[in-house]
A.B. asks: 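Before I ask anything, here is the structure I am working with.
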Number of protein chains: 2
Amino acid sequence: MQTSHEQFRDLAWKSGLAATHQRQVIYEAVMAAPGHYSPEQIYAAVRRQTPSISLATIYNNLRLFVEHGLLREVSPRTSTLLVEGNLEPHHHLVCTRCKAVQDIEGDFINYKKLSRQAPRGFDLTQPLVEVFGLCRRCSAEK
Amino acid sequence: MQTSHEQFRDLAWKSGLAATHQRQVIYEAVMAAPGHYSPEQIYAAVRRQTPSISLATIYNNLRLFVEHGLLREVSPRTSTLLVEGNLEPHHHLVCTRCKAVQDIEGDFINYKKLSRQAPRGFDLTQPLVEVFGLCRRCSAEK
DNA sequence: TTCTTGGATGAGAATCATTATAATCCAGGA
DNA sequence: TCCTGGATTATAATGATTCTCATCCAAGAA
Ligand SMILES: [Mn+2]
Ligand SMILES: [Mn+2]
Ligand SMILES: [Zn+2]
Ligand SMILES: [Zn+2]
C-alpha cells in the first residue's frame with residue numbers, strides 16, 4: 001500500500017506531469033475526503049499547508065488534472081445561459097469537449113430504478129437528464 | 001389558430017406578466033425556430049426589430065420567462081467549477097434550484113436504447129448523466 | 001559543485017457573463 | 001390630464017476564470 005505522496009508521484013509520472021510540491025498538495029486536498037470541490041474550497045484548504053500558493057496555480061492544475069484524468073469535472077458547464085421554447089419534456093446530449101447541446105429522444109431511463117436510488121425527499125417529478133459524451137466532430141478531432 | 005402575438009399575450013396573462021413590446025419580441029425570437037439560444041443570440045435577433053432594447057432587459061425577461069415556465073433553461077449551471085477525485089463511473093443528482101450536486105448510484109440507464117437514439121458519430125463510451133430535480137430542502141421551501 | 005534552461009509558479013491585470021443600481025419611461029387607472 | 005408602479009435602459013459592479021509576464025526552481029550538463 002502506497003502513501004498518497006507516492007500515489008500522486010506515480011500518477012504524475014504516468015501523465016508526464018512534473019510532480020511539484022504545489023501539485024502534490026492540490027491533489028491531496030481533493031483526495032482527502034470524498035466530495036465535490038470548487039477551486040476556492042481547494043485554495044482555502046491548500047493555503048493552510050502552503051500559504052504562498054496562488055489561486056491561478058489551483059486553476060491551472062485542476063485543469064491539467066482533469067485533462068489527464070487524475071480528477072473528474074463534476075458538471076461540464078456551458079459558458080453561457082441557454083434557453084429554449086420547446087416545453088415538451090426531453091433530454092439533452094452534451095459534448096464534454098465543445099459543450100454543444102442537442103436534443104435526444106427516447107425512453108432510456110428506468111424511472112422505477114431511478115426513484116428507488118434517489119435520496120428521501122428529493123423531488124423527481126419529471127426527471128430530465130443530460131447525457132455526456134463526445135460529439136462527432138470532437139471525437140474525430142481528438 | 002392564434003398568431004404568436006396572441007399566444008404570447010395569452011401566456012403572459014396567465015402568468016400575471018405585463019405583455020410589453022420588449023417581452024413580446026424576446027419571446028418571439030426564441031420561438032421563431034426550435035433551438036437552444038444564448039442571451040447574446042437573442043439580443044442580436046431582437047435588435048433587428050427593436051434596436052433600442054437593452055441586454056439587461058433580455059436577461060431580466062429570460063429569467064422571468066424561465067421562472068414562469070414560458071421557456072425552459074437548457075442546462076442548470078453551477079456558478080463555479082467542481083472537481084472530484086472519485087473516478088469510478090457514477091451519475092449525479094442536481095437540484096435545479098440551489099444547484100447542489102450529489103452522487104446517485106444504480107443502473108437506471110438503458111444503454112442499448114440510449115445508443116440507439118444517439119446521433120451517428122457521437123461517442124457514448126461510458127455515458128455519464130446528470131439527473132435534475134429538487135433537493136429535499138428546496139422542494140420543502142417552495 | 002556551479003551553470004543552464006524550460007517548465008512551473010505567483011501576482012495582478014484583463015476578460016466575460018451576469019447582476020445590481022438608479023434614472024427615466026410609459027401604460028393604464030383615477 | 002395627472003399619477004403611479006412596474007418596466008426599461010445605460011452603466012457600474014461583481015465574480016469566476018484566464019492571461020501575462022517576471023521570477024523561481026529542479027534536473028541535467030559541464
Ligand atoms: Mn432541447
Ligand atoms: Mn460525484
Ligand atoms: Zn464537441
Ligand atoms: Zn436545492
Side-chain angles (χ1 to χ4, degrees), chain A residues 5 8-9 11-13 15-30 36-44 46-68 70-71 73-83 97-99 101, chain B residues 5 8-9 11-13 15-29 36-44 46-47 49-68 70-71 73-83 97-99 101:
Chain A
H5 267 69
F8 174 72
R9 297 178 67 83
L11 288 166
W13 168 256
S15 306
L17 297 174
T20 66
H21 172 70
Q22 287 86 342
R23 288 176 180 173
Q24 181 87 56
V25 292
I26 291 170
Y27 182 76
E28 287 177 1
V30 178
H36 307 126
Y37 301 111
S38 69
E40 283 290 351
Q41 288 175 312
I42 296 163
Y43 185 44
V46 159
R47 283 175 99 171
R48 282 186 240 118
Q49 305 281 322
T50 307
S52 68
I53 201 168
S54 162
L55 182 56
T57 299
I58 307 288
Y59 274 98
N60 285 341
N61 289 307
L62 289 182
R63 179 167 42 181
L64 268 183
F65 291 169
V66 168
E67 282 172 6
H68 287 84
L70 279 71
L71 297 180
E73 181 177 356
V74 172
S75 297
R77 295 150 312 128
T78 62
S79 66
T80 176
L81 170 69
L82 290 177
V83 297
R97 196 144 168 282
C98 70
K99 312 295 167 63
V101 180
Chain B
H5 267 68
F8 174 72
R9 297 178 66 82
L11 287 166
W13 168 255
S15 305
L17 297 174
T20 66
H21 172 71
Q22 287 87 343
R23 289 176 179 173
Q24 181 88 56
V25 293
I26 291 170
Y27 181 78
E28 287 176 2
H36 307 126
Y37 301 111
S38 69
E40 284 290 349
Q41 287 175 312
I42 296 164
Y43 185 44
V46 159
R47 284 175 98 171
Q49 306 281 322
T50 307
S52 67
I53 201 167
S54 162
L55 182 55
T57 299
I58 307 288
Y59 274 98
N60 285 341
N61 289 307
L62 289 183
R63 180 167 40 182
L64 267 183
F65 291 169
V66 169
E67 283 171 5
H68 287 85
L70 279 71
L71 296 179
E73 181 177 355
V74 172
S75 296
R77 295 150 313 125
T78 62
S79 67
T80 174
L81 170 68
L82 290 178
V83 298
R97 196 145 168 284
C98 70
K99 312 296 169 60
V101 181

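Numbered from 1 within each chain, the chains take letters A, B, ... in sequence-line order.
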A.B. asks: OP1, OP2 of D/dT8 versus side-chain N and O of B/Asn61: anything below 4.0 Å?
C.D. replies: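 Affirmative; the distance criterion is met.
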A.B. asks: Choose from D/dT8, C/dG10, C/dT18 the nucleotide whose nearest atom is closest to any side-chain atom of B/Gln22.
C.D. replies: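 Of all the options, the side chain of B/Gln22 is nearest to D/dT8.
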A.B. asks: Compare the minimum distances between each of C/dG10, C/dA8, D/dA7 and the side chain of A/Ala18, then state the nucleotide with the smallest one.
C.D. replies: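 The closest nucleotide is C/dA8.
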A.B. asks: Could you go through the side-chain contact (heavy atoms from CB on, under 4.5 Å) check for A/Thr57 and A/Val46 one step at a time?
C.D. replies: CA-CA 11 Å; A/Thr57 299; A/Val46 159; over 6 Å; no
A.B. asks: Send over the distance from B/His21 NE2 to C/dC26 C1', rounded to a whole Å.
C.D. replies: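 Distance check: B/His21 NE2 to C/dC26 C1' gives 14 Å.
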A.B. asks: Is any side-chain nitrogen or oxygen of A/Ser54 closer than 4.0 Å to OP1 or OP2 of C/dA11?
C.D. replies: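 No.
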A.B. asks: Under 4.0 Å from OP1 or OP2 of D/dT8: is there any side-chain N or O of B/Ser52 that close?
C.D. replies: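 False: B/Ser52 side-chain N/O out of range (4.0 Å or more) of D/dT8 OP1/OP2.
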A.B. asks: Verify the neighbour count for atom CD of B/Glu67: are there more than 12 heavy atoms of other residues, nucleotides or ligands below 6.0 Å?
C.D. replies: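 Yes - once you tally the heavy atoms of other residues, nucleotides and ligands closer than 6.0 Å, there are more than 12.
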A.B. asks: With a cut-off of less than 4.0 Å, is there a side-chain N or O of A/Ser79 near OP1 or OP2 of C/dA17?
C.D. replies: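 Negative; the distance criterion is not met.
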A.B. asks: Base, sugar-phosphate or nothing for B/Thr20? Non-hydrogen atoms, less than 4.0 Å.
C.D. replies: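 Sugar-phosphate contact only.
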A.B. asks: Would you mind telling me which of B/Arg63, B/Arg77, B/Glu40 makes a side chain to side chain contact (heavy atoms under 4.5 Å, CB included) with A/Leu81?
C.D. replies: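 Considering B/Arg63, B/Arg77, B/Glu40, a side chain to side chain contact (heavy atoms under 4.5 Å, CB included) with A/Leu81 is found only for B/Arg77.
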A.B. asks: Which nucleotide wins on minimum distance to the side chain of A/Thr80, given the candidates D/dA16, C/dA17, D/dA10?
C.D. replies: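 Of the candidates, C/dA17 comes closest.
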A.B. asks: Measure from the side chain of B/Ala56, starting at C-beta and using heavy atoms only, and say which of C/dG12, D/dA10, D/dT17 lies closest.
C.D. replies: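 Selected nucleotide: D/dA10.
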A.B. asks: Does some side-chain heavy atom of A/Phe8 sit less than 4.5 Å from a side-chain heavy atom of A/Leu70?
C.D. replies: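 Answer yes - side chains close enough.
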A.B. asks: So does A/Arg63 get a side-chain nitrogen or oxygen closer than 4.0 Å to the phosphate oxygens (OP1/OP2) of D/dT17?
C.D. replies: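 No.
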A.B. asks: Return the minimal non-hydrogen interatomic distance between B/Tyr43 and B/Ile53, and the atom names on each side.
C.D. replies: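 What the structure gives for the nearest pair is CE1-O, 3.6 Å.
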A.B. asks: Go through C/dT9, C/dT18, D/dT8 for me and flag the one nearest to the A/Leu81 side chain.
C.D. replies: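 Selected nucleotide: C/dT18.
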A.B. asks: From CD of B/Glu73 over to C1' of C/dA17, roughly how many Å is that when rounded to an integer?
C.D. replies: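 Atom-to-atom, B/Glu73 to C/dA17, this comes out as 13 Å.
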A.B. asks: If the cut-off is 4.0 Å, is B/Tyr59 near the phosphate of C/dT19, judged by side-chain N/O to OP1 or OP2?
C.D. replies: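 No, B/Tyr59 has no side-chain N/O under 4.0 Å of OP1/OP2 on C/dT19.
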A.B. asks: Less than 4.0 angstrom between a side-chain N/O of B/Arg77 and OP1 or OP2 of C/dA17, yes or no?
C.D. replies: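 No.
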A.B. asks: B/Thr57 side chain: which of D/dT9, C/dT18, C/dT9 is closest?
C.D. replies: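 Closest nucleotide to the B/Thr57 side chain: D/dT9.
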